[in-house]
Amino acid sequence: MLRGATAVFRRELAGYFSTPVAYVFIVIFLILAGVFTFQIGGLYERGQADLQPFFAFHPWLYLFLVPALAMRLWAEEHKSGTIELLMTLPLSRAGAIMGKFMAAWAFAGAALALTFPVWVTVNVLGSPDNGAILAGYVGSFLMAGAVLALGSCASAGTKSQVIAFIITAVLVLGFLLAGFSPVVDFFRGWAPPSVVDAIASFSFLTRFEGMSKGVIDARDVAFFATLMGVCLAMNAIILEAKRA
Amino acid sequence: MPETLVRLDALTKRYGSSRTAGILAVDHISFEVAPGEVLGFLGPNGAGKSTTMKMVTGYLPPTSGTAHVCGLDVTRDPIGVKERVGYLPEGSPLYAEMTPLQFLRFVADVRGLKGAAAKAAIDSAVARTHLEGVLHQTIDTLSKGFKRRVGLAQAIVHTPRVLILDEPTDGLDPNQKHEVRQLIRAMAREGGEAGKAIILSTHILEEVEAVCTRAVIIAKGRIVADERPAALMARSRYHNAVSLALCPPAGTMIFDELRKIPGVREVEDHGTDQTKDGVQVRCTVIPKKGSLIAPEISHLIKARSWQVDTMRVESGRLDDVFRDLTTDKA
């Protein structure tokens with residue numbers, strides 16, 4: 001079923017590090033995460049030993065950084081023609097999709113793990129609830145996975161990495177804004193409450209908020225997992241449609 | 001009847017919706033390839049060569065019909081077929097950011113070769129394609145000739161019994177073409193009758209004479225010829241024609257004399273040159289179908305004591321046959 005996934009995973013993961021993409025991404029991610037946490041979020045000034053200001057900016061950071069990790073996954077294969085090479089090797093389509101997706105997700109996870117000095121800092125300065133922080137990391141990782149799945153799906157449909165990036169960023173923006181207060185208020189003005197709730201329930205912001213505060217709700221986890229599953233299934237359908 | 005390694009059964013591909021007729025790229029193509037054969041798959045650009053190969057290798061789904069490789073149906077068991085085929089796609093696409101060694105390791109990995117077996121397979125593919133010197137350079141920085149060899153190495157790493165090569169020499173310089181052809185010939189010889197079946201597409205006709213044991217010509221998605229290259233050449237109007245360069249005494253009507261020989265259909269005038277021995281006339285004498293005119297011509301030359309600079313019997317011109325077969329079809 002997932003034949004070839006590990007080989008593709010290894011190739012893709014090594015691929016990130018054989019180009020400057022990995023280093024540029026990690027450096028920019030860490031710098032921005034630091035700026036947001038300490039300068040804008042005011043981690044020190046708040047005087048609380050938790051990572052609220054750190055996690056609060058992750059959705060916005062992911063909006064434009066994580067689509068850059070996913071944009072080349074399939075667009076590059078279409079552009080260089082290597083898709084034909086890949087798809088005539090004895091692997092299953094699901095294996096190729098999962099291998100690529102998991103490589104991107106593992107890379108995002110590694111970048112996230114490299115923010116550990118922030119965690120060390122709060123532990124040195126106070127005694128935070130490390131369980132809550134772990135929950136925040138899990139939530140952040142799940143959200144990154146959802147963005148990557150959206151990105152992989154968008155990348156499957158085009159030869160152009162730029163188009164893949166833009167489509168993904170716009171989709172992610174939609175998923176963020178669905179729970180952003182001004183937008184929710186706008187809908188509340190005229191739409192029935194059930195519709196407003198339905199829109200808000202698709203929001204990365206509301207789904208992530210609980211986890212960033214230390215509450216892992218099965219429904220939030222299920223939301224991200226389902227979104228990833230749907231996107232990757234769409235990814236397979238798009239690849240199949242492009243084949244014929 | 002020897003075992004067949006590849007069998008195409010009325011393989012058909014129609015692009016676009018069936019209601020609007022669409023474009024019939026491949027139209028019920030059927031043929032078989034036996035071990036030891038090197039089949040040249042010829043046709044003008046757009047004739048359906050690549051589409052056919054993409055269907056046989058499981059990249060494109062056929063609209064109807066199917067292909068079997070080593071007895072497996074590509075529409076039922078595409079992965080089984082992919083395991084048994086080595087394929088060089090058109091233009092030899094490669095992961096440019098990898099080195100040949102990393103790339104071959106990846107291919108071996110996908111093909112389920114592990115550890116020592118993978119190493120041996122890669123070493124052998126590298127040795128046969130002479131890639132030793134560039135193993136650690138990124139593919140991006142390699143010349144076209146090396147890139148093509150990486151593509152070939154990738155196709156043979158699992159020692160497949162069926163090799164499908166889409167325009168393996170396209171875009172290479174004459175030396176690189178020669179190298180790739182030598183490689184293909186060497187691979188064809190491996191294992192003899194129990195060996196490989198190789199299908200290569202090309203629009204370079206000399207390639208067919210140089211490496212193929214059989215030629216299938218397609219035009220507009222249909223087979224128009226399926227013969228040995230020599231038989232194909234025999235279809236040429238130049239088959240057994242005689243090319244001459246000679247210096248006859250001034251005033252001799254040599255074209256008229258040549259035309260009088262029984263079996264001669266016409267004489268093609270290739271112009272004259274001024275040489276120290278006088279005026280040299282160049283021409284090609286074309287026989288009627290099935291006639292052998294060389295003895296008569298040398299007899300005539302001897303009888304008239306003409307001074308001959310060159311006399312050559314032509315075996316036929318493939319480009320001529322190719323044009324005939326692929327253009328005049330309704």
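Chain letters run A, B, ... following the sequence lines, proteins first, then strands; residues in each count from 1. Remember, it's a predicted structure, so these values are computed and weren't measured experimentally.
- No more than 12 heavy-atom neighbours from other residues, nucleotides or ligands sit within 6.0 angstrom of CZ on B:Arg222.
- Each of B:Leu113, B:Leu135, B:Val157 was evaluated against B:Ile122; a single residue qualifies, B:Val157, per the side chain to side chain contact (heavy atoms under 4.5 Å, CB included) test.
- Only the side chain of A:Thr19 comes within contact range of chain B, with at least one heavy atom under 4.5 Å from a heavy atom of that chain.
- Neither the backbone nor the side chain of B:Gln102 comes within contact range of chain A; no heavy atoms are under 4.5 Å apart.
- No other option in A:Pro90, A:Gly95, A:Ala7 has as many heavy-atom pairs under 4.5 Å with chain B as A:Pro90.
- Residue contact with chain B, scored on non-hydrogen atoms closer than 4.5 Å, is absent for A:Glu76.
- In this structure, B:Phe41 has its ring center under 6.0 Å from that of B:Phe31.
- Of the atoms belonging to A:Thr88, heavy atoms from both backbone and side chain fall under 4.5 Å from chain B.
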Worked check of salt bridge (Lys or Arg N to Asp or Glu O under 4.0 Å) between B:Glu97 and A:Arg11: CA-CA 11 Å; B:Glu97 78 283 359; A:Arg11 197 200 80 78; 3.3 Å; yes
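- The side-chain tip of A:Arg207 does not point at the ring of A:Phe204 from less than 6.0 angstrom away and within 45° of straight on.
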